[in-house]
Amino acid sequence: MIQDVRLELWRDNFAGALEILETANRRHPDPLLAAEAGEIRSWLNHLRTREAYVTAYERYYRTVRQPTGFKRLDRELRTFLGRRTRKMVERTARHPEFLLLEREVLALRPARALDAGCGEGRIALTIGARHPQTRVDGIEISTTNVDIARKLNRFPNVTFHHGLLEEVERWCPPGSVDLAYAFAVLEHVRDVDGVVNGILQSLRPGGRFCFVVPMNEFIITGPIPPFHPHDGVAGHVRAFTEAGLRGRFGGYKDFVLEKVPAERWRVGTYPPCFAPREFGSFFVAFSKS
């Protein structure tokens, strides 16, 4: 049972891990099981309130996105000269996930697009560079990321905003968006349904919503070690499967699901007891009726 719990935690399926523990504890009450479940819940404390969620992600990105010394000076110079933006756009434009999104852009020719959870703005900037007829609004929870994205921005058709996706109507009123996308976002958010519903409200009838989420299916080759998230905070808080995505979104018009295999296995990210079975991401797209 503990091995099953650890597998779900490494897959980012925290709800599944808690369900295993709680079911076992109901059948055979045990303080150790209760303590294990309590520890897992503590890793999800940042999901309880808006303020905790914002604080957790701002702290994380301020740590990982702020180099010091020469690296910081070098990055600021490359940003000022536009070199970072050019490199970012060139690299992003070759990525398989972006190519699938660009296929949607070319088919729809959107006048306005929403980047939900834009991070440092790599997707928004790449669309802005390659499709100047499309206005792109990027919304991001971290002020650190928004500041970086704004400094990188060289395109008049791209704008970045600081805020939560649940508040998307502040920048994109209902029916104002032709294409919305969320790359590596839904595995983090507090409420998937709330975020998706808000994004769908922003879309016009016939508008497209595209998103990318992780695809993590492992082969188990040995005993699974304990799982402990960085700084005691779970970044990815849920797992997605093909069956789950088809069941949840497959009824929408013109539904598409494609698997994007990872270019390489993340050596050092996962313990040696895991080998990839299906590892990479799911690309999902559908239209609003």
Side-chain angles (χ1 to χ4, degrees), residues 12 61 64-65 75 78-79 82-110 113-142 144-146 148-155 157-160 165 177-189 199 208-217 235-236 239-240 242 245 249 255-270 276-286:
D12 302 323
Y61 284 114
V64 301
R65 304 296 194 204
R75 190 182 75 170
R78 288 185 292 111
T79 299
R83 293 175 183 171
R84 284 189 69 207
T85 304
R86 288 194 297 272
K87 292 273 189 182
M88 177 182 286
V89 168
E90 291 170 3
R91 184 170 57 251
T92 301
R94 297 191 299 266
H95 198 279
E97 293 172 351
F98 179 81
L99 293 175
L100 291 171
L101 176 64
E102 189 166 49
R103 181 186 66 187
E104 301 284 342
V105 173
L106 292 171
L108 195 63
R109 299 291 181 182
L114 165 64
D115 187 328
C118 61
E120 291 185 357
R122 65 183 183 91
I123 304 294
L125 295 173
T126 306
I127 290 179
R130 294 167 66 86
H131 302 278
Q133 79 285 355
T134 300
R135 172 186 170 186
V136 185
D137 287 278
I139 300 175
E140 167 61 26
I141 188 176
S142 165
T144 296
N145 281 346
V146 171
I148 293 172
R150 288 172 175 168
K151 290 177 182 177
L152 290 168
N153 190 10
R154 298 293 187 276
F155 311 108
N157 56 322
V158 181
T159 307
F160 295 104
L165 297 181
V177 172
D178 303 295
L179 173 72
Y181 60 89
F183 275 35
V185 171
L186 298 185
E187 64 270 28
H188 297 274
V189 298
I199 291 172
R208 294 284 279 175
F209 177 38
C210 311
F211 65 86
V212 170
V213 291
M215 176 175 65
N216 293 338
E217 298 295 341
H236 294 189
F240 294 89
E242 181 178 0
L245 290 169
F249 302 106
F255 172 83
V256 172
L257 184 151
E258 298 200 30
K259 297 177 182 179
V260 184
E263 295 178 355
R264 62 181 65 87
W265 174 241
R266 293 179 184 172
V267 177
T269 301
Y270 297 102
R277 182 162 66 86
E278 285 192 307
F279 186 74
S281 60
F282 294 107
F283 177 90
V284 176
F286 57 85

Where Glu263 and Pro96 come nearest, the two heavy atoms and their spacing: OE2-CD, 4.1 Å

Arg135: what forms a side-chain contact (heavy atoms from CB on, under 4.5 Å) with it, not counting sequence neighbours? Arg112, Asp137

Listed by chain and number, what are the side-chain hydrogen bond (donor to acceptor under 3.5 Å, both in side chains) partners of Asn153, not counting sequence neighbours? none

Does any pair with a residue in residues 85-96 pass salt bridge (Lys or Arg N to Asp or Glu O under 4.0 Å), and if so which ones, sequence neighbours excluded? none

Take Asn216 and Phe279 through the side chain to side chain contact (heavy atoms under 4.5 Å, CB included) test and state the conclusion after the steps. CA-CA 5 Å; Asn216 293 338; Phe279 186 74; 3.3 Å; yes

Residues forming a side-chain hydrogen bond (donor to acceptor under 3.5 Å, both in side chains) with Arg130, sequence neighbours excluded: Glu102

Begin from the C-alpha positions of Tyr181 and Val212 and carry the test side chain to side chain contact (heavy atoms under 4.5 Å, CB included) through to its verdict. CA-CA 8 Å; Tyr181 60 89; Val212 170; over 6 Å; no

Sequence neighbours left out, what passes salt bridge (charged side-chain N to carboxylate O under 4.0 Å, His left out) with Arg277? Give chain and number order. Glu217

Hey, mind stepping through Phe183 and His95 against side chain to side chain contact (heavy atoms under 4.5 Å, CB included) and telling me if it holds? CA-CA 12 Å; Phe183 275 35; His95 198 279; over 6 Å; no

Name all residues meeting the ring-ring contact (aromatic ring centres under 6.0 Å, His included) criterion together with Phe286; count only those two or more places apart in sequence or in a different chain, and write none if there are none. Phe209, Phe249, Tyr252

Identify, with sequence neighbours excluded, every residue that meets ring-ring contact (aromatic ring centres under 6.0 Å, His included) alongside His236. His188

Using ring-ring contact (aromatic ring centres under 6.0 Å, His included) as the criterion, list what pairs up with Phe155, not counting sequence neighbours. none

Heavy-atom donor-acceptor pair, Thr134 side chain to Pro110 backbone, under 3.5 Å: yes

Any side-chain heavy-atom pair from Leu179 and Cys210 closer than 4.5 angstrom? yes

Residues passing the side-chain hydrogen bond (donor to acceptor under 3.5 Å, both in side chains) test with Arg83, sequence neighbours excluded, are none

Counterpart residues, side-chain contact (heavy atoms from CB on, under 4.5 Å), relative to Ser142 (two or more places apart): Glu58, Tyr61, Glu140, Thr144, Asn145

Partners meeting side-chain hydrogen bond (donor to acceptor under 3.5 Å, both in side chains) with Thr85 (sequence neighbours left out): none

Could you check whether any side-chain heavy atom of Val284 comes within less than 4.5 Å of a side-chain heavy atom of Phe240, counting everything from C-beta outward? no

Closest non-hydrogen atom pair, Asp115 against Ala124: OD2-N, 3.3 Å

Partners of Phe282 by ring-ring contact (aromatic ring centres under 6.0 Å, His included), sequence neighbours excluded? none

Flag, side chain of Arg150 to backbone of Phe160, donor-acceptor distance under 3.5 Å: yes

